[in-house]
Amino acid sequence: MAIAKVLGIETEFGITGGPDQDPIIASSVIVNAYAQRGMTHINWDFEGETPGVDARGLAGLTAFAPIVETQLANTVLANGARLYVDHAHPEYSSPECRSPLEAVRFDVAGEEVLRRAQRFANESLDPAQAITIYKNNSDGKGNSYGCHENYLVARSVEFGDLVRALVPHFVSRQIVVGAGKVGVETDRPRATRPVYQVSQRAEFFEEVVGLETTLKRPIINTRDETHGDAERFRRLHVIIGDANLSQYATAVKLGATALLLAALEDQGLRGFPAAPRDPVRAVRAIAADPTLHTAVDCVDERSRTAWDFQDELWTLAERYVAEHGGDAVGDHNEVNFILDQWREMLDGVRDDPAAVADRVDWVAKQRIVQGYRDRYDLAEDDARLRAIDLQYHDLRPGRSLAARVGLRPLFDEDSVNAAIEEPPATTRAYFRGQCVKRFPEAIAAANWDSVVFDLGDGPLQRVPMPDPLRGTAALTAHLFETNSTAIDLLSALGG
Amino acid sequence: MVEQERIQKQRVTRPTESAPEVNVDTSKGEQLKADLDDLLDEIDEVLEENAEEFVRNYVQKGGE
C-alpha cells in the first residue's frame, strides 16, 4: 500500500512598487507587514539548512520590526505555513496537507494572506510606493520564478523509476493545468515564435534531470532534502508547474500527480507511457501550440500528442483506483472528483474549450486575450495583450482579471479564512500551527520538522517531528486542551 | 467495460454547478459571445491605462 501522499505548494509571487522600487525591500515590507498584523511571527529555524547557526542567535528577532525592514524576513504562520522572502520575491509555502483538496484550500489561503499583507503594507506606504503582488511565474522578459509542489514518496521507490514515470506527465500536464502566456521569452527563430503559449514556465526548462532551480532548470529536480525521516521518506520536489488562479486546476495538478505517484509505488512502471525522445524539446513545443496538435516522437517508436500522454496517464490512474482504491491520496469522493475533473478538463481542452474556460487557466486567459485582440483589431504584440496577461494574475480585487473571467471556486470565503487561522488537522502542521497560535512567546524558532522552545531559563528545547503524519489533531489535540502553557506541554511530551 | 460504466455513473451524479445548458447550438454561441462582450467591457474598465508603460515596468528578478 502506497504511503500517504502528504503534499503542499510553495509559491513565489511577482512584486512591484515599494521603497526605491526595490523588490527585496518590497518583499520584506510585505512579510513584516503581515507579521505585525496577522497571526504569526516566529522565526524560521535554519537548522539543517545552514548548519552552524545557533537557534538562540535567532531568538532576539520578535514582533514589531520597523516597517521598512530590509533583513530577509522569515515567519511561520498559525496555519503551519511559512511566509518569507526568497531572493526578490515574497514566498508562501503551504503547510503539509493530507489530500489534494486540502492543499488547494491552503494554497488559496496563501493568496488571501498575500492580499492582506499587501493591504497592510500599503496603508503605511506613500501611494507612489504602493506594492502590487502577482501570482504568476514570469515577467515576459526572460525572468521566471517558481511554483513548486512537494509530495511524500516512499524511500524504497528508485529515483530512476520516478524519472521514468513522471517525465511524460510533466511534459504533457500543462494542457490541463497550464496558466497560459502571451508571447515568448526565450530565443527561437522568428517563424516559430508563438503568439500564445499554454504554459508560463515550460520554455524555461533546459534539462531533463538535475539539481538546479534557477539556471538550467530540469524537468525532474533531484533536490533530496526530506525535511523528515530520510530512511523512510523522500520529498519529491517538483519545479515544473505554473501558479494557478483556477482552484480546479490546482486540484487536478496536485491530485493527478499524487495518484500517479501512488500507482508507481503500488504497481511499478506498469501502464506508464513511454517518454518523449527529447523531453525538453517536447515540453517547449507542446507549450507553444495551443491547438494541441503537436505530436512528439517517443522512445517506443510511437508519436504522441500531449493529449495522448494525458489520456494514457488518466487511464492508468483510473485503473489504479479501481484496483487499489485511492486512499493514499484522499477519500473515495475526493479521488473520484479528481479523476472526473481531470477527465473533463482533458476532453474539454480538445473538444470544447468554452466548456472548461471556467476551470482551465490557459483557456480562460486565451479567451479574453483573443477576444480583446479581435474587438480592437490589435497586432499580436500589442502591449494591451501583455497587460491582460499580467493583470490576470494581479491579486488586487479591483484589478484582478482572474476574478472576473468566471472561474469556479472550490471553497467559500469561510473555509478559506479558516485555513488562514487553523492548521490542517491531519499532518504535523497541526502541532506547528497550534504552537505558533498558543505559545508564540515561548517559541524560539520553528521549521518543517521541528519546533524549538525557549522557556526563559535553561537550554532551548527542540521538539523533533520527523514523521509528517504525526503531530496531528488526533494525536496531540488533547495535549493542547489539557496544557495551557508551553512548560506544561513540554513536560507532557516528556521533554 | 466496467470502467466506462463507472465514469458514466459519475457524470450522472456530478453536481450541476454550471449555468443551465442552452438547447440550440446557435443560441449557445450567441450567449457565449454576449458573455464575452460583457467581460471585455469590464476589462476595459479595469485594465491599466498606460499598458505600454505598465508592461515595460514589470520587471522581476529570477527566483527559486
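Letters go in sequence order (proteins before strands), and every chain restarts at 1. From a predicted model like this one, the values you see are computed outputs, not experimental measurements.
Checked against side chain to side chain contact (heavy atoms under 4.5 Å, CB included), B/E52 has the following partners two or more places apart in sequence or in another chain: A/A383, B/N50, B/R56.
Contacts classified as ring pair (Phe, Tyr, Trp, His ring centres under 6.0 Å) and involving residues 27-56 of chain B (residues at least two apart or in different chains) are not found.
Looking only at atom types and distance, the side chain of B/Y58 has a donor-acceptor partner in the side chain of A/N136 under 3.5 Å away.
Contacts with chain A were tallied for B/D37, B/V59, B/N57, B/D44; B/D44 has the most, counting heavy-atom pairs under 4.5 Å. Between chain B and the residues A/I368, A/L390, A/D86, A/L385, the most heavy-atom pairs under 4.5 angstrom are made by A/L390. Ranked by non-hydrogen atom pairs under 4.5 Å with chain B, the options A/S144, A/C147, A/A88 are led by A/S144. The greatest number of non-hydrogen atom pairs below 4.5 Å with chain A, out of B/L32, B/I43, B/D35, is found for B/I43.
Sparse packing is recorded around CD of B/E49, with 12 or fewer heavy atoms of other residues, nucleotides or ligands lying under 6.0 Å away. Around atom NZ of B/K33, no more than 12 heavy atoms belonging to other residues, nucleotides or ligands sit under 6.0 Å away.
Proximity to chain B (any heavy atom under 4.5 Å) is shown, for A/Y392, by neither the backbone nor the side chain. Of the two parts of B/L39, only the side chain, counted from C-beta on, holds a non-hydrogen atom closer than 4.5 Å to a non-hydrogen atom of chain A. Heavy-atom distances place the backbone of A/S138, and not its side chain, under 4.5 Å from chain B. Only the side chain of B/E42 comes within contact range of chain A, judged by heavy atoms closer than 4.5 Å. Of the atoms belonging to A/R375, it is side-chain heavy atoms, and not backbone ones, that fall under 4.5 Å from chain B. For A/R367, the parts lying under 4.5 angstrom from a heavy atom of chain B are both the backbone and the side chain.
Side-chain N or O atoms of A/N137 include one that pairs as donor or acceptor with a backbone N or O of A/A243 at under 3.5 Å.
Just one residue in the list A/R384, A/R386, A/R396 forms a salt bridge (Lys or Arg N to Asp or Glu O under 4.0 Å) with B/E48, and that residue is A/R396.
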